Amino acid sequence: MKNLNISLCMVMTVVLVGLGGSVPSGFNYGDALDKSLLFFEAQRSGKLPMQEQRIKWRADSGLKDGIQQGVELVGGYYDAGDHVKFGLPMAYSVTMLAWGAIEFSKEMTDLNQIGHTLRAVKWGTDYFIKAHTQPNVLWGQVGDGVSDHYCWERAEDMTTSRTAYKIDEQHPGSDLAGETAAALAAAAIAFRTYNSSYSNLLLVHAKQLFTFADRYRGLYDESISCAHQFYASSGYSDELLWAAAWLHQATGDDYYLKYVVDNAVYMGGTGLAVKEFSWDNKYAGVQILLSKVLLEGKAGSYASTLKQYQAKADYFSCACLQKNDGYNVLKTPGGLLYLHEWNNMQYASSAAFLLAVYSNYLSAAKAQLNCPEGQIQPQELLNFVKSQADYILGKNPEDMSYLVGYGPKYPIHVHHRGASIASVFSLHSEVGCAQGFDAWYNRVQPNPNVIYGGLVGGPDRNDDYSDDRSNYEQTEPTISGSAPLVGIFTKLQSSYGLQSSYGSYHNESPLPQKKNPSTTYLSKELKPKTPQGAPVEFLHSISSSWTVGTTTYYRHKVIIKNTSVKPVSDLKLVIENLSGSVWGLSPTGEKNTYELPQWLKVLNPGSECIFVYVQGGPQAKISIQSFH
């Protein structure tokens, strides 16, 4: 069969992992990124945008949310394997998505994922705008966790209560309002280049919510008491600092920087050294975000206080890296950060994301991390991030990917209502509240729908994992777990990956053959030049395109085929006029010169190899420098 002769440069890593081979990268972070974003499409509540909805087993749901209270609250995200829209973890998840889009914007654009990421952010922020009906009113929850958990049914069949709950001046929630303000401020930065009017609207709501959170102080779960059993808040001071830090990033207004400085001691920003970053505890995030101001030389008269913030940022980072003089975050024997028995993976992913961001900040400032056990280079932080990501994707004692749908072995009995029940498109009859438990929850068969990109709760402190639908502490995915992965996998793909999301399970259809700028780039004059007598030929095509602002980007796919009767080795290519990234080839150190990956030094007769690059404008010029 012809396919057996194709050596795909871009998927070789995954093949070797399955065979137990040794590869430089080991994992396809681009594919993991793609799947992480798909999880947010599976968690959508409301009227689904069918043309861009890639998860086809989902349909519209929650279309009357808020109607009992006379407010329109359609949209947003379901929290986990249930159908409650919890405001605090949803806002945190949107903040993480937006922060990833800010910090790794160029990398996301190169990977053709900035559009999907911003759509995931906007699905959340559109909902927050609806929920913020007055300056001092925020609807913080739809649905009740207790009644919801009594039923096992699809979102499309929901019969449980959809009561909406709010915070206001008499029933404050500084933590919820503060986190929502942070999410909107971060999203405003992420959207500024692409939609300035929407960015400005987000900032209006963010500023109002911060003022509301600061002026009317209180814990949200004392006002929305039914949230306490599921997402109890440990305090609101961290969210006030967090919101102010993000508003300073979004506006440059000195008022917000002065706020975090004036309240540094009183609110614990410079006094609390923490080992956790999560939907509930934002201190480490505040400390690292404010370290950015210091590292960029923008601290001014606030430098001494911001240095105290950075000292606590260093404490968190050193504790994760096990360089904190014994005061470290616990790790499992297999190497995973371990903070909580219930759904630990979300805490590991959040910590890894924060270290990836801090690595960027330190690297840009040509600075090091100062730990009790020595100075740590920014690359070492990123290496640690990679170790956590690799554990998630399968480098662990169970040899299992904890990212659903990724790799050859992943959880198939995920604690998720929609994934565990046949889709409304295949099972048209309603699945009732109790019927779902009898017919679907207790089934031993795998879930009929794959909840791509869901990060399950993960193993225990001994790296043991039980793939059982009833084992919700380990098998339930959450949006707060998957949100940090978007930034993590983007960074790792850019730094380590030799692959992109090209080749993942749901490839985009070929572009229609119509006259557009891309067809001119495929003209005969611009095809890769193959010298006369050369043993290989190039087949060039465009697999997709997208527009950011006024620039159109193209994903170029190039097949290298050995057309001779002899093996080709040491093939070196010169790629000129390249402005984007390349996946599937290794740079040689010479300008514009690339070679085949280390594991594919020889291209046998009739064999093919694929590489991909992303480019704005005309295609790059490819030629052969040398071969044997």
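This one's a predicted model, so the numbers in the text were calculated from it and none came from an experiment. Note that these values count all heavy atoms, side chains included, but never hydrogens, waters or copies made by symmetry.
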Quiz question: by atom type and distance under 3.5 Å, do the side chains of [X] and [Y] form a donor-acceptor pair?
X: Ser223; Y: Tyr165; answer: no
X: Asp34; Y: Gln113; answer: yes
X: Asp82; Y: His149; answer: yes
X: Asp254; Y: Tyr259; answer: no
X: Arg58; Y: Gln43; answer: no
X: Thr159; Y: Glu153; answer: yes
X: Tyr198; Y: Thr125; answer: yes
X: Glu107; Y: Thr490; answer: no

Is the [atom1] atom of [X] crowded by more than 12 outside heavy atoms at less than 6.0 Å?
X: Ile67; atom1: CD1; answer: no
X: His340; atom1: NE2; answer: yes
X: Lys323; atom1: NZ; answer: no

[X] side chain vs [Y] backbone, donor-acceptor pair below 3.5 Å:
X: Asn263; Y: Tyr266; answer: no
X: Ser199; Y: Phe191; answer: no
X: Lys166; Y: Leu138; answer: no
X: Asn343; Y: Glu476; answer: yes
X: Glu72; Y: Val74; answer: yes

*Relative to each other, are the rings of Phe212 and Tyr216 parallel, tilted or perpendicular (30° and 60° limits)?*
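Tilted.
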Which heavy-atom pair separates [X] from [Y] by the least distance, and what is that distance?
X: Val121; Y: Ala98; answer: CG2-N, 3.8 Å
X: Leu295; Y: Ala367; answer: CD2-CB, 4.1 Å
X: Asp175; Y: Leu88; answer: O-CD1, 3.9 Å
X: Ala183; Y: Phe128; answer: CB-CE1, 4.2 Å
X: Gly453; Y: Ser482; answer: O-OG, 2.8 Å
X: Gly140; Y: Leu176; answer: CA-CD2, 3.5 Å

Does the ring center of [X] lie less than 6.0 Å from the ring center of [Y]?
X: Phe230; Y: Phe86; answer: yes
X: Tyr283; Y: Phe316; answer: no
X: His248; Y: Tyr256; answer: no
X: His416; Y: Trp152; answer: no

*Please name all residues satisfying side chain to side chain contact (heavy atoms under 4.5 Å, CB included) with Lys307, sequence neighbours left out, ordered by chain then number.*
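With neighbours one apart ignored, the set is Leu294.
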*asked:* The criterion is side chain to side chain contact (heavy atoms under 4.5 Å, CB included); which residues satisfy it with Ser278, sequence neighbours excluded?
replied: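 Listed in chain order: Glu276, Asp280, Asn281, Tyr347.
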*Candidate pair His205 and Leu201, rule side-chain contact (heavy atoms from CB on, under 4.5 Å), full reasoning*: CA-CA 7 Å; His205 285 276; Leu201 176 63; 3.8 Å; yes
Is the shortest side-chain heavy-atom distance between [X] and [Y] below 4.5 Å?
X: Trp139; Y: His132; answer: no
X: Ser233; Y: Asp221; answer: yes
X: Val146; Y: Gln229; answer: yes
X: Thr160; Y: His83; answer: no
X: Asp148; Y: Arg417; answer: yes
X: Tyr402; Y: Pro459; answer: yes
X: Glu41; Y: Trp123; answer: no
X: Tyr391; Y: Thr332; answer: yes

*Please report the C-alpha distance between Met90 and Ile479 in whole Å, then the side-chain angles of each, then the deciding distance to 0.1 Å, and finally whether the side-chain contact (heavy atoms from CB on, under 4.5 Å) criterion is met.*
CA-CA 7 Å; Met90 190 195 306; Ile479 55 174; 4.2 Å; yes
*So Gln249 and Ile189, side-chain contact (heavy atoms from CB on, under 4.5 Å) or not? Walk me through it.*
CA-CA 8 Å; Gln249 289 291 319; Ile189 302 172; 3.8 Å; yes
*Just checking, Lys258 and Tyr302: is the charged tip under 6.0 Å from the six-membered ring centre and within 45° of the axis?*
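Checked: cation-pi criterion not met.
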_Applying salt bridge (charged side-chain N to carboxylate O under 4.0 Å, His left out) as the test, list every pair that has at least one member in residues 178-199; sequence neighbours left out._
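Listed once each, the pairs are Glu179-Lys282.
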Taking only Lys NZ, Arg NE, NH1 and NH2, and the carboxylate oxygens of Asp or Glu, determine whether [X] and [Y] approach each other closer than 4.0 Å.
X: Asp65; Y: Lys85; answer: yes
X: Glu296; Y: Lys298; answer: yes
X: Asp110; Y: Lys106; answer: yes

*Just one of Tyr220, Tyr92, Trp279, Trp342 clears the ring pair (Phe, Tyr, Trp, His ring centres under 6.0 Å) bar with Tyr231, so which one?*
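For Tyr231, the ring pair (Phe, Tyr, Trp, His ring centres under 6.0 Å) check succeeds only for Trp279.
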*Kindly write out the residues that satisfy side chain to side chain donor-acceptor pair (under 3.5 Å) with Arg119, not counting sequence neighbours, or none if the list is empty.*
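Only His116 meet the side chain to side chain donor-acceptor pair (under 3.5 Å) criterion with Arg119.
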*Any disulfide bond (SG atoms under 2.5 Å apart) pairs touching residues 119-152, not counting sequence neighbours?*
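Passing the test, one end in residues 119-152: Cys151-Cys433.
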_Distance in Å, Gln141 CD paired with Leu73 CG, rounded so as to fall on 0.5 Å steps_ =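 Between atom CD of Gln141 and atom CG of Leu73 there are 11.5 Å.
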Only pairs under 3.5 Å count here: list side-chain donor-acceptor contacts from residues 351-362, not counting sequence neighbours, and write none if there are none.
from: Tyr358; atom 1: OH; to: Gln310; atom 2: NE2; distance (Å): 3.2
from: Tyr358; atom 1: OH; to: Asp314; atom 2: OD1; distance (Å): 2.6
from: Ser359; atom 1: OG; to: Pro378; atom 2: O; distance (Å): 2.9
from: Asn360; atom 1: OD1; to: Lys491; atom 2: NZ; distance (Å): 2.9
from: Asn360; atom 1: ND2; to: Glu103; atom 2: OE2; distance (Å): 3.1
from: Tyr361; atom 1: OH; to: Trp99; atom 2: NE1; distance (Å): 3.3
from: Tyr361; atom 1: OH; to: Glu103; atom 2: OE1; distance (Å): 3.4

